[in-house]
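Everything below concerns the one structure shown next.
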Number of protein chains: 2
Amino acid sequence: MTIADQNLVKKMNRRRLLQEVIHHSPISRASLSKTTGLNKSTVSAQIQGLVDEKFIFEIGQGQSSGGRRPVMLMFNKQAGYAIGVDIGVDDLTVLLTDLDGSIVSEHYFELEQSSVNETMALLLKTIEQVIRTMPGSPYGLIGIGICVPGLVNRSEQIVLTPNTHWNGVDVKKQVEEAFNVPVTIENEANAGAYGEHIYGAAKAFDDFMYVSISTGIGVGLVLNNELYRGVHGFSGEMGHMTIDFNGPKCNCGNRGCWELYASEKAFRQSLPADWDEKELNKRFQQNDVVLFRSLENFGHHLGIGLVNIANTFDPEAIILRNPLIESNPFVLNAVKNTLSSRMNVRFETECAFLPSTLGKNAPALGACSMMIESFIKGITA
Amino acid sequence: MTIADQNLVKKMNRRRLLQEVIHHSPISRASLSKTTGLNKSTVSAQIQGLVDEKFIFEIGQGQSSGGRRPVMLMFNKQAGYAIGVDIGVDDLTVLLTDLDGSIVSEHYFELEQSSVNETMALLLKTIEQVIRTMPGSPYGLIGIGICVPGLVNRSEQIVLTPNTHWNGVDVKKQVEEAFNVPVTIENEANAGAYGEHIYGAAKAFDDFMYVSISTGIGVGLVLNNELYRGVHGFSGEMGHMTIDFNGPKCNCGNRGCWELYASEKAFRQSLPADWDEKELNKRFQQNDVVLFRSLENFGHHLGIGLVNIANTFDPEAIILRNPLIESNPFVLNAVKNTLSSRMNVRFETECAFLPSTLGKNAPALGACSMMIESFIKGITA
DNA sequence: TTAAGTTAGTTTATCCGCACAACAAACATT
DNA sequence: AATGTTTGTTGTGCGGATAAACTAACTTAA
């Protein structure tokens with residue numbers, strides 16, 4: 001708990017005003033005074049400072065409402081830029097966004113059997129290039145957010161990546177030293193949750209879960225408008241929640257883990273072995289019965305775990321991140337069938353189950369928004 | 001987000017100082033200045049106000065450390081009193097505590113087949129009596145916290161009590177009107193969690209779960225030092241978490257719910273039907289093999305769900321509230337065996353599994369501490 | 001026993017940020 | 001052209017915190 005003095009007061013009001021401008025620009029000083037409750041003179045003084053520091057600029061006069069025309073203020077979303085990186089199991093995403101989270105440039109790579117060192121080199125090279133082509137701005141690159149498919153501890157060290165070999169690689173240090181800007185390492189599910197929270201399907205929600213379904217299942221928890229990371233940073237490992245205690249052994253040590261039944265990997269293993277990606281697409285188009293039975297089964301097992309999540313957290317929504325779900329409403333319907341048969345009625349109407357709207361970009365965008373948020377916080381520190 | 005002015009500054013510092021005195025009394029003004037970072041003159045001024053309002057008093061001079069002897073300040077824990085009520089399925093607890101949570105008087109009743117109306121009458125009568133015998137104090141009764149074995153929504157209305165008939169009974173209104181003090185209605189698991197947090201096994205933890213095991217299983221979540229209630233107030237319904245998706249139907253609508261395997265009810269159903277309470281105690285004393293196999297099984301199934309909780313939240317600790325567990329380390333050992341075979345190693349050493357220390361009183365004490373906390377907050381509003 | 005040093009708490013002066021009110025600027029209405 | 005409204009600025013005062021000087025009370029050691 002920090003102690004309070006006039007300086008704190010000023011910082012709090014400054015932050016409040018900046019937030020108001022960010023989320024409601026264009027807006028006038030008079031409107032700011034009304035919405036915040038701060039006196040007009042206070043607003044004017046604070047805004048002056050933010051204008052001097054290039055975070056806000058005057059865009060010109062607005063519409064009169066019967067008197068002097070207001071001077072409209074805009075958040076200068078080009079005051080700086082953020083880079084968001086998603087290191088996937090077999091792909092790499094690098095996004096550059098402005099302070100509004102709008103994508104300025106994007107780079108995608110397939111990582112077929114790349115070593116960690118190769119990927120790292122590719123990453124550093126790409127970031128370097130992105131920085132070179134970045135538009136000029138008062139604050140330049142404000143930070144790099146990087147997410148990885150594994151467990152990240154509270155010191156932002158990668159401690160477990162089941163499907164890759166990033167364990168123990170000090171990505172934070174390497175990238176920080178290369179570019180000399182703030183760097184954050186984050187779990188992929190947490191970053192995705194944050195992305196959907198700020199820019200995507202969960203904008204309206206204060207309390208929701210983001211379920212990332214790929215090789216495994218990871219869950220990002222947003223509670224009271226904040227990411228909940230757990231004591232060591234390992235929360236949301238619900239892929240290893242037992243849903244069948246006599247089920248098969250998982251390599252995590254547990255039995256009958258959810259992701260053994262409801263991950264995309266599990267779904268693919270449920271298909272005939274001789275189906276390749278092409279065959280799969282063909283049957284998709286043809287509404288093939290065998291395929292759709294597998295999809296339904298996938299949705300069913302997903303639903304079982306989602307009921308557990310809903311019972312645990314009582315959230316406003318659960319966001320599902322998976323290409324199959326985003327592209328085809330059939331799976332989500334199968335999920336919802338299981339939900340309606342298994343979930344207590346009181347929840348069913350109250351908790352929304354939605355596909356991700358940012359899709360593949362969710363984690364990298366989330367990583368960007370984390371950097372932006374900490375930059376904005378830093379402005380008022 | 002509220003705006004900031006000098007008044008906020010004063011309130012924040014006042015609250016901070018009062019908290020410091022509450023948790024570290026006896027303490028001098030000089031120490032307060034050091035620990036809070038506030039100027040000596042600020043501390044003196046604020047303390048004067050709190051002394052005037054009877055929340056703090058001077059207890060006399062302390063030990064000199066080489067200079068003038070300090071005047072020691074004490075929190076006046078007898079400035080008021082709180083009542084905590086635990087309405088159980090078949091019992092009723094009414095506690096009176098001072099502002100420190102120390103029990104001043106306690107009343108326990110068995111409710112054998114009492115109707116809701118009868119219980120309500122008993123409750124009101126008991127509270128009346130407690131108030132009559134309460135010591136004199138500047139602020140008197142500061143509030144009544146009541147917890148019930150069921151779901152309580154955000155408007156503090158009881159919406160579901162599986163094993164009793166309190167649904168829809170407006171306990172809050174009735175008790176408020178009878179005694180004209182603040183009243184809170186809370187879920188039993190939440191109240192218990194709060195109790196253990198403030199006074200019991202979880203004092204040292206900011207992030208933990210409290211698992212209440214009786215007829216069903218309820219979980220209270222404390223995250224970042226605060227109760228997490230969920231959007232509608234229904235979080236922690238982990239008794240209805242599926243741990244065996246092909247398992248038997250539960251009356252909640254789901255299948256293979258945890259509490260079908262690991263509640264005390266489930267444990268008792270696993271015993272031979274002709275064993276009564278006396279027989280049970282006898283066999284307990286004799287270390288009866290059949291009984292202990294059942295206990296082991298009970299612990300095993302508990303462990304399965306606890307692993308799920310640990311994977312979900314990554315907490316500092318999980319507190320188990322059940323008489324069998326508190327009285328006999330055997331069950332907890334059985335739990336831990338399952339944990340060590342099923343939980344990822346990284347967690348095992350990091351998450352503590354502890355029996356409740358407040359036992360039966362945990363929920364009522366938690367209810368008290370909620371009222372005390374809101375009273376203290378109100379002091380600085 | 002006395003002088004010097006240390007710690008506790010109060011008093012006084014000063015600073016800082018906000019609110020308030022008066023004012024100036026720029027517009028709409030009639 | 002006169003009146004009223006809205007926007008934004010300027011000067012004044014208030015409240016609360018800090019800092020420094022001061023008083024008070026004690027320890028230590030010559």
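Since we're looking at a predicted model, the values are computed, not measured. Hydrogens, waters and symmetry mates play no part in the numbers below; they use all other heavy atoms, side chains included. In what follows, chains carry the letters A, B, and so on, assigned in the order in which the sequence lines appear, proteins first and then strands, with residues in each chain numbered from 1.
- One atom, CE of Met12(A), and another, P of dC18(C), lie 11 Å apart when rounded to the nearest Å.
- Between the CD1 atom of Ile27(A) and the P atom of dT7(D) there is a distance of 11 Å, given to the nearest Å.
- For dG15(D), the OP1/OP2 oxygens have no side-chain nitrogen or oxygen of Gln6(A) closer than 4.0 Å.
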**Asked** For every nucleotide of nucleotides 3-11 of chain C, 5' to 3': is a protein heavy atom under 4.0 Å from its base (B), only from its sugar-phosphate (S), or from neither (-)?
**Response** --BBBBBBB
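- An OP1 or OP2 oxygen of dG15(D) is reached within less than 4.0 angstrom by no side-chain nitrogen or oxygen of Asn7(B).
- Between the CG atom of Asp5(A) and the C1' atom of dC18(C) there is a distance of 14 Å, given to the nearest Å.
- Protein atom CZ of Arg14(A) is 11 Å distant from nucleotide atom P of dC18(C), rounded to whole Å.
- Summarising the geometry, the separation between CD1 on Ile47(A) and C1' on dT9(D) is reported as 14 Å, rounded to the nearest angstrom.
- Ala367(B) and Ile146(B) make their closest contact through CB-N, 4.1 Å (heavy atoms, listed as atom of the first residue, atom of the second, distance).
- Within the nucleic acid shown, Gln46(A) comes within 4.0 Å of sugar-phosphate atoms alone, with no base atom in reach, counting heavy atoms only.
- Looking at residues two or more places apart in sequence or on another chain, you find a ring-ring contact (aromatic ring centres under 6.0 Å, His included) between Phe208(B) and His197(B).
- Side-chain N/O atoms of Gln61(B) include one lying less than 4.0 angstrom from OP1 or OP2 on dC26(D).
- Distance CG (Leu32(A)) to C1' (dT6(D)): 15 Å, rounded to an integer number of Å.
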**Message:** Working note: Glu373(A) + Lys377(A), criterion salt bridge (Lys or Arg N to Asp or Glu O under 4.0 Å); need CA distance, chi angles, decisive distance, verdict.
**Reply:** CA-CA 6 Å; Glu373(A) 194 131 308; Lys377(A) 259 190 193 143; 5.1 Å; no
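- Counting heavy atoms from C-beta on, the side chains of Ile127(A) and Val130(A) never come closer than 4.5 Å.
- Shown here are the salt bridge (charged side-chain N to carboxylate O under 4.0 Å, His left out) partners of Glu53(A), two or more places apart in sequence or in another chain: Arg14(A).
- The CG-C1' distance, from Leu8(A) to dT18(D), rounds to 15 Å in whole Å.
- Using a 4.5 Å heavy-atom threshold, the side chains of Leu96(A) and Thr133(A) count as separate.
- For the pair Thr357(A) and Tyr199(A), the minimum side-chain heavy-atom distance is 4.5 Å or more.
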